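All values derive from a computational prediction rather than experimental measurement. Numbering of residues begins at 1 and proceeds along the displayed sequence.
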Amino acid sequence: MICTVLHLLYIVIHKIMAEPKERTFLMIKPDGVQRGLVGNIIKRFEDKGFKLVAMKFVWPSEELLKQHYSDLATKPFFPGLVKYMSSGPVVPMVWEGLNIVKTGRVMLGATNPADSAPGTVRGDLCIQVGRNIMHGSDSVESAKKEIALWFTEKEVIGWTNASESWIYE
């Protein structure tokens, strides 16, 4: 009886002290879609143990992209970025998991593929910065903003993966 109570207490404390899972926004850019890399990229994040909670296939408007990249509006490359990003369909996604924002950025690799390590998405699949196939949120705050820009609350699905207990302690 005491062992059972102690075990339950351990589980409760462990759950309370466990780091909360967070969400991030990842988007496969037109070059990734055109090159047929969508499945490969999704598989990498699923293989890591992260959970996909929202995804769609859209051809974004320039207006939406200007909002999304508003922090870069003063940069000289901004008009070209918006033109390129609106040149074809993209796959915006919301992923969930422990430290997903930081880990997701590591998995993507450096913005410039030439600086990306082998094993990263960009290190394995890209050559030039202007065709770096992915966007990933750089902070939890940015992720919240980007998710709200691309998805309604109803489009982000909360669910429990059956293998979650094999991924997280």
Shortest non-hydrogen separation from [X] to [Y] and the atoms involved:
X: M85; Y: M27; answer: CE-CE, 3.7 Å
X: L125; Y: I41; answer: CD1-CG1, 4.5 Å
X: R122; Y: A110; answer: CD-O, 3.0 Å
X: G109; Y: S116; answer: C-OG, 3.5 Å
X: V82; Y: L65; answer: O-CD1, 3.8 Å
X: Y168; Y: L98; answer: OH-N, 3.1 Å

Under the ring-ring contact (aromatic ring centres under 6.0 Å, His included) rule, what do W95 and F50 come out as? Steps first, then yes or no, please. CA-CA 7 Å; W95 287 87; F50 293 128; 7.4 Å; no

For the hydrophobic clusters of this structure (ILVMFWY residues joined by side-chain heavy atoms under 4.5 Å, transitively), does one cluster hold both [X] and [Y]?
X: L37; Y: I42; result: yes
X: F57; Y: V38; result: yes
X: V121; Y: L26; result: yes
X: M134; Y: L149; result: no
X: V156; Y: L64; result: yes

Should [X] and [Y] count as side-chain neighbours, where that means a heavy-atom distance under 4.5 Å?
X: S70; Y: K145; value: yes
X: L81; Y: L72; value: yes
X: K21; Y: I100; value: no

Salt bridge check, R44 against D124: does any charged N sit closer than 4.0 Å to a carboxylate O?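 A salt bridge links D124 with R44.
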
Using a strict cut-off of less than 4.0 Å between a Lys/Arg side-chain nitrogen and an Asp/Glu carboxylate oxygen, indicate whether E164 and K51 qualify as a salt bridge.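 Yes.
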
Taking atom NZ of K75 as the centre, does the number of heavy atoms from other residues, nucleotides or ligands within less than 6.0 Å exceed 12?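 Check fails, neighbour count at 12 or below.
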
Just wondering, more than 12 heavy atoms not from W166 lying within 6.0 Å of its CH2?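 No, CH2 of W166 has 12 or fewer neighbouring heavy atoms, counting only those of other groups under 6.0 Å.
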
Quick one: does [X]'s side chain have a donor or acceptor within less than 3.5 Å of a partner on [Y]'s backbone?
X: S86; Y: K83; result: yes
X: E22; Y: V140; result: no
X: K144; Y: R23; result: no

Verdict with supporting geometry, D138 and R105, side chain to side chain contact (heavy atoms under 4.5 Å, CB included): CA-CA 7 Å; D138 61 3; R105 297 280 292 187; 3.8 Å; yes

Does E146 have any side-chain contact (heavy atoms from CB on, under 4.5 Å) partners at least two apart in sequence or in another chain, and if so, which?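 E146: side-chain contact (heavy atoms from CB on, under 4.5 Å) contacts with F25, H68, H135, S137, S142.
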
Side chain to side chain contact (heavy atoms under 4.5 Å, CB included) between M93 and I28, worked out: CA-CA 8 Å; M93 301 172 284; I28 302 171; 3.8 Å; yes

Quiz item: cation-pi between K29 and Y84, 6.0 Å / 45°: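 The answer is no, since K29 fails at least one limit relative to Y84.
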
If you apply the rule side chain to side chain contact (heavy atoms under 4.5 Å, CB included), what do you find for F45 with L52, and how did you get there? CA-CA 8 Å; F45 284 86; L52 183 62; over 6 Å; no

Under the criterion side chain to side chain contact (heavy atoms under 4.5 Å, CB included), which of N132, T120, L108 is the partner of P113?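 Single side chain to side chain contact (heavy atoms under 4.5 Å, CB included) partner of P113 among N132, T120, L108: N132.
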
Starting from I127 and following side-chain heavy-atom contacts under 4.5 Å between hydrophobic residues (I, L, V, M, F, W, Y), which residues can be reached?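 Via sub-4.5 Å side-chain contacts, I127 links to none.
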
Steps toward side chain to side chain contact (heavy atoms under 4.5 Å, CB included) verdict (R35, V33): CA-CA 5 Å; R35 292 178 55 201; V33 172; over 6 Å; no

Just jot down the side-chain hydrogen bond (donor to acceptor under 3.5 Å, both in side chains) partners of K154, sequence neighbours excluded, or say none.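 Testing K154 for side-chain hydrogen bond (donor to acceptor under 3.5 Å, both in side chains), a comparison that skips the adjacent residues, returns none.
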
